[in-house]
Amino acid sequence: TTVVNEKEDQFNEFKESLFFPANNNMHPDAQKQVRELMEVTCGFLNSEGGTIYIGVNNQGVPKGLGTDFTYLNHGYGDFDLQDARDKFNLAFCKGLRDHFGVTVQGIALYPSLVELEHEEIDGKPICRVVIKPFHGMVRMADGNVFVRQDSSTVPIKTRREQAAFEKKRSTRANIVL
């Protein structure tokens, strides 16, 4: 069995699905799972960037996106791969719009900061979501802010902590520029 050449850490996150949350007995809950993926996206934007591998289990083994593609095809397993990938991309980008808006401080999230790359490993389709770091602080539409710490995505809970983080990020960005 081929394993993705990465491990879950500060820069890499593995998710088996865009629509099926872990430990949900393979019942879709798109709202919950997309929300979790958007929190991870926020964490990477507010840290040093990173990659989410969708269709890969926690051990780095590709499981594929067949279940997601069947879900997007109204339960039919006989789908056109390119069509399924297009629908997958549309669903992911809808998650970005719903949870962040279209832009962050005037910069388009997709494709300027977030890119979707499809590939196959051992004949199993996966999606790599490559996220660039943002120079300031990214807040989700509901006001939440997340960062990456080791292999976890954690919230910055208080407004005071968020303000200090935002000041540090924007100061650091000005120094880099």
Next on the checklist: Using the rule given for side chain to side chain contact (heavy atoms under 4.5 Å, CB included), can you reason through Ile126 versus Ile54, listing the C-alpha separation, both sets of side-chain angles and the distance that settles it, and then say yes or no?
Outcome noted: CA-CA 6 Å; Ile126 69 161; Ile54 306 176; over 6 Å; no

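- Phe44 and Phe14 sit in two unconnected hydrophobic clusters of ILVMFWY residues. Membership requires side-chain heavy atoms under 4.5 Å apart, directly or through other members.
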Checklist entry - Can Thr103 and Leu109 be said to form a side chain to side chain contact (heavy atoms under 4.5 Å, CB included), step by step? => result CA-CA 5 Å; Thr103 64; Leu109 271 171; over 6 Å; no

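- Going from atom CG of Asn58 over to atom OH of Tyr53 covers 14.0 Å, rounded to the nearest 0.5 Å.
- A distance-only check finds a donor-acceptor pair linking the side chain of Asn57 to the backbone of Gln59 [under 3.5 Å].
- Taking the charged nitrogens against the carboxylate oxygens, Glu115 and Arg128 have no contact shorter than 4.0 Å, which rules out a salt bridge.
- Between Ser47 and Pro133 the shortest heavy-atom distance is O-CB, 3.4 Å.
- In this structure, the side chain to side chain contact (heavy atoms under 4.5 Å, CB included) partners of Glu36, at least two apart in sequence or on a different chain, are Lys15, Gln33.
- A chain of hydrophobic side-chain contacts below 4.5 Å, direct or via other Ile, Leu, Val, Met, Phe, Trp or Tyr residues, connects Leu81 to Leu18.
- Linking ILVMFWY residues whenever their side-chain heavy atoms come closer than 4.5 Å, directly or via other members, places Phe79 and Leu116 in the same cluster.
- Put simply, the side chain of Lys132 gets close to the backbone of Ser112: a donor and an acceptor are under 3.5 Å apart.
- Partner Leu96 forms a side-chain contact (heavy atoms from CB on, under 4.5 Å) with one of Val114, Val104, Val34 and no other, that one being Val114.
- If you take CD1 on Ile52 and OG1 on Thr153, they are separated by 7.5 Å, rounding to the nearest 0.5 Å.
- Enclosure of atom CD in Gln31 is not indicated, since only 12 or fewer non-hydrogen atoms of other residues, nucleotides or ligands lie within 6.0 angstrom.
- For the pair Lys124 and Glu120, the salt-bridge criterion is not met [side-chain N within less than 4.0 Å of a carboxylate O].
- Cluster partners of Phe165, using a side-chain heavy-atom cutoff of under 4.5 Å among ILVMFWY residues and allowing indirect links, are Met137, Val145, Val147, Val154, Ile156.
- Counting heavy atoms from C-beta on, the side chains of Phe134 and Gln105 come closer than 4.5 Å.
- In this structure, a donor-acceptor pair under 3.5 Å is absent between the side chains of Asp142 and His99.
- Between Lys63 atom NZ and Ser17 atom OG the span is 13.5 Å, to the nearest 0.5 Å.
- No side-chain donor-acceptor contact under 3.5 Å links Thr51 to the backbone of Val130.
- The two atoms that bring Asn89 and His118 nearest to each other are OD1-NE2, 2.7 Å, heavy atoms only.
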Next on the checklist: As a quick check of understanding, evaluate side chain to side chain contact (heavy atoms under 4.5 Å, CB included) for Phe88 and Leu72, giving each step before the final call.
Outcome noted: CA-CA 7 Å; Phe88 183 94; Leu72 287 166; 3.9 Å; yes

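- Both Leu45 and Ile107 belong to a common hydrophobic cluster when Ile, Leu, Val, Met, Phe, Trp and Tyr are linked at side-chain heavy-atom distances under 4.5 angstrom.
- If you chain together hydrophobic residues whose side chains sit under 4.5 Å apart, Val4 and Val40 never meet in one group.
- For the pair Phe20/Asp68, a side-chain contact is recorded, criterion being any heavy-atom separation below 4.5 Å from C-beta on.
- Using a 4.5 Å heavy-atom cutoff, the side chains of Phe69 and Arg85 are in contact.
- The distance from atom CG of Asn144 to atom CZ of Arg35, rounded to the nearest 0.5 Å, is 5.5 Å.
- Expressed to the nearest 0.5 Å, how far OG of Ser152 lies from CZ of Phe146 amounts to 12.5 Å.
- Using a distance-only test at 3.5 Å, with no hydrogens or angles considered, no donor-acceptor pair links the side chain of Asp29 to the main chain of Pro21.
- Nearest approach of Thr70 to Gly77, heavy atoms of both residues: OG1-CA, 3.6 Å.
- In this structure, CD1 on Ile131 lies 9.5 Å from CD on Glu13, to the nearest 0.5 angstrom.
- Annotation: side chain of Gln162 is not in contact with side chain of Lys157 (no heavy-atom distance under 4.5 Å).
- Looking at Thr41 and Phe92, their side chains come closer than 4.5 Å, going by heavy atoms from C-beta outward.
- Residue-environment remark: CD (Gln149) stays at or below the threshold of 12 foreign heavy atoms within 6.0 Å.
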Next on the checklist: Please evaluate residues Asn12 and Asp9 with respect to the criterion side chain to side chain contact (heavy atoms under 4.5 Å, CB included), reporting the C-alpha separation (whole Å), side-chain torsions for both, the decisive distance (0.1 Å), and the verdict.
Outcome noted: CA-CA 5 Å; Asn12 298 288; Asp9 59 18; 3.1 Å; yes

